[in-house]
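Take a look at the structure set out below.
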Amino acid sequence: MQREKIIQLETVVDHLSGEEIGMALCALNDDPMILDAIYLPGIGKKNRPAGLFQVLCHPGNEEKAAAAIFRHTHTLGVRISMIERFVLPRSATTANVCGHKIRAKSYEVDGCACLRPEADEIAAVAANLGVGAPALRLKASHTRD
């Protein structure tokens, strides 16, 4: 386990439609400067439906990440915090899923080697095979190169 410093940016929005929230979340998660983005719905001032966008990025990327938040949400302000997190060391690898070679992450927990296939690739293989994604994810195994 490793410890690292990251930046958390957040803003509350109560002015976007559901479709705009979804588009903003997709755009933020696709941004290479952003490690993770999440939207948490709630109730804001004057009892209006509102939600919290939280975005994580590495120090040094916060201005570009904030610019992306402004671009995709048109919020008027973004809070910034330096936080720490624990992370597991991981490495990029490939997994064999029902005969398909896909991207995955390899990591270790409690001395046990684990494999996490990339969700978008699992979804593509599942769609191709006409099956549900959970069944494929559970069948993943390391590839033998």
Looking only at non-hydrogen atoms, find the nearest pair between Ala104 and Ala95 and report the distance. CB-CB, 3.9 Å
Hey, quick one: are Leu56 and Ile38 part of the same hydrophobic cluster, counting side-chain heavy atoms closer than 4.5 Å, chains of contacts allowed? no
Does Arg79 reach the main-chain N or O of Gly77 with its side chain, forming a donor-acceptor pair under 3.5 Å? no
Beyond-backbone contact of Leu35 with His58, side-chain heavy atoms, under 4.5 angstrom: yes
Please determine whether residues Val97 and Val131 belong to a single hydrophobic cluster, defined as Ile, Leu, Val, Met, Phe, Trp and Tyr linked transitively by side-chain heavy-atom distances below 4.5 Å. yes
Considering non-hydrogen atoms only, spot the tightest contact between Ala50 and Asp14 and give its length. CB-CB, 3.9 Å
Hey, what do you get for CE (Met82) to CD1 (Ile80), rounding to the nearest 0.5 Å? 7.5 Å
Is there a side-chain contact between Phe70 and Leu76, using heavy atoms and a 4.5 Å cut-off? no
Any idea which heavy atoms bring Leu25 and Tyr39 closest together, and the distance? CD1-N, 4.0 Å
Would Asp120 and Arg103 pass as an ion pair if we require N to O under 4.0 Å? yes
Hydrophobic clustering (ILVMFWY, side-chain heavy atoms < 4.5 Å, transitive) - are Ile21 and Val12 grouped together? no
If only atom types and distance count, is the side chain of His15 paired as donor or acceptor with the main-chain N or O of Val13 below 3.5 Å? no
Residue pair Phe86 / Gln2, side-chain heavy-atom distance below 4.5 Å: no
Value rounded to 0.5 Å, distance of CD in Glu121 from OG1 in Thr94: 10.0 Å
Supply the atom-to-atom distance Leu136 CG to Cys98 SG, rounded to the nearest 0.5 angstrom. 5.0 Å
Run the side chain to side chain contact (heavy atoms under 4.5 Å, CB included) check on Leu115 and Tyr107 step by step: do they pass? CA-CA 6 Å; Leu115 182 67; Tyr107 59 98; over 6 Å; no
Does Ile7 reach the side chain of Asn61, with side-chain heavy atoms less than 4.5 Å apart? no
Is there side-chain contact between Glu4 and Arg85, with heavy atoms separated by less than 4.5 Å? yes
Tell me whether Thr73 contacts the main-chain N or O of Thr75 through its side chain, where contact means a donor paired with an acceptor under 3.5 Å. yes
Quick check: closest heavy atoms across Gln54 and Gln8, and the distance to 0.1 Å? NE2-NE2, 3.6 Å
With the side chain counted from C-beta on, respond yes when Ile69 and Leu28 share a heavy-atom pair under 4.5 Å apart, and no when they do not. yes
Nearest heavy-atom contact between Ala37 and Val55 is CB-CG2, 4.0 Å
Please walk me through it: do Ile102 and Ile122 pass side chain to side chain contact (heavy atoms under 4.5 Å, CB included)? CA-CA 8 Å; Ile102 65 172; Ile122 285 282; 3.8 Å; yes
Spacing of Met1 atom CE and Glu108 atom CD [to the nearest 0.5 Å]: 12.5 Å
Check whether any side-chain heavy atom of Ile83 sits under 4.5 Å from a side-chain heavy atom of Ile6, and report yes or no. yes
Could you tell me whether the side chain of Glu62 reaches within less than 4.5 Å of the side chain of Cys57, counting heavy atoms only? yes
Of the non-hydrogen atoms in Thr93 and Ser106, which two are nearest, and what is the gap between them? CG2-CB, 3.8 Å
Look at the side chain of Asp31 and the backbone N and O of Met33, then say whether any donor-acceptor pair between them is shorter than 3.5 Å. yes
Check this for me: Glu20, atom CD, are more than 12 non-hydrogen atoms of other residues, nucleotides or ligands nearer than 6.0 Å? yes
Is any NZ, NE, NH1 or NH2 atom of the basic residue among Glu118 and Lys105 found under 4.0 Å from an Asp or Glu carboxylate oxygen of the other? yes
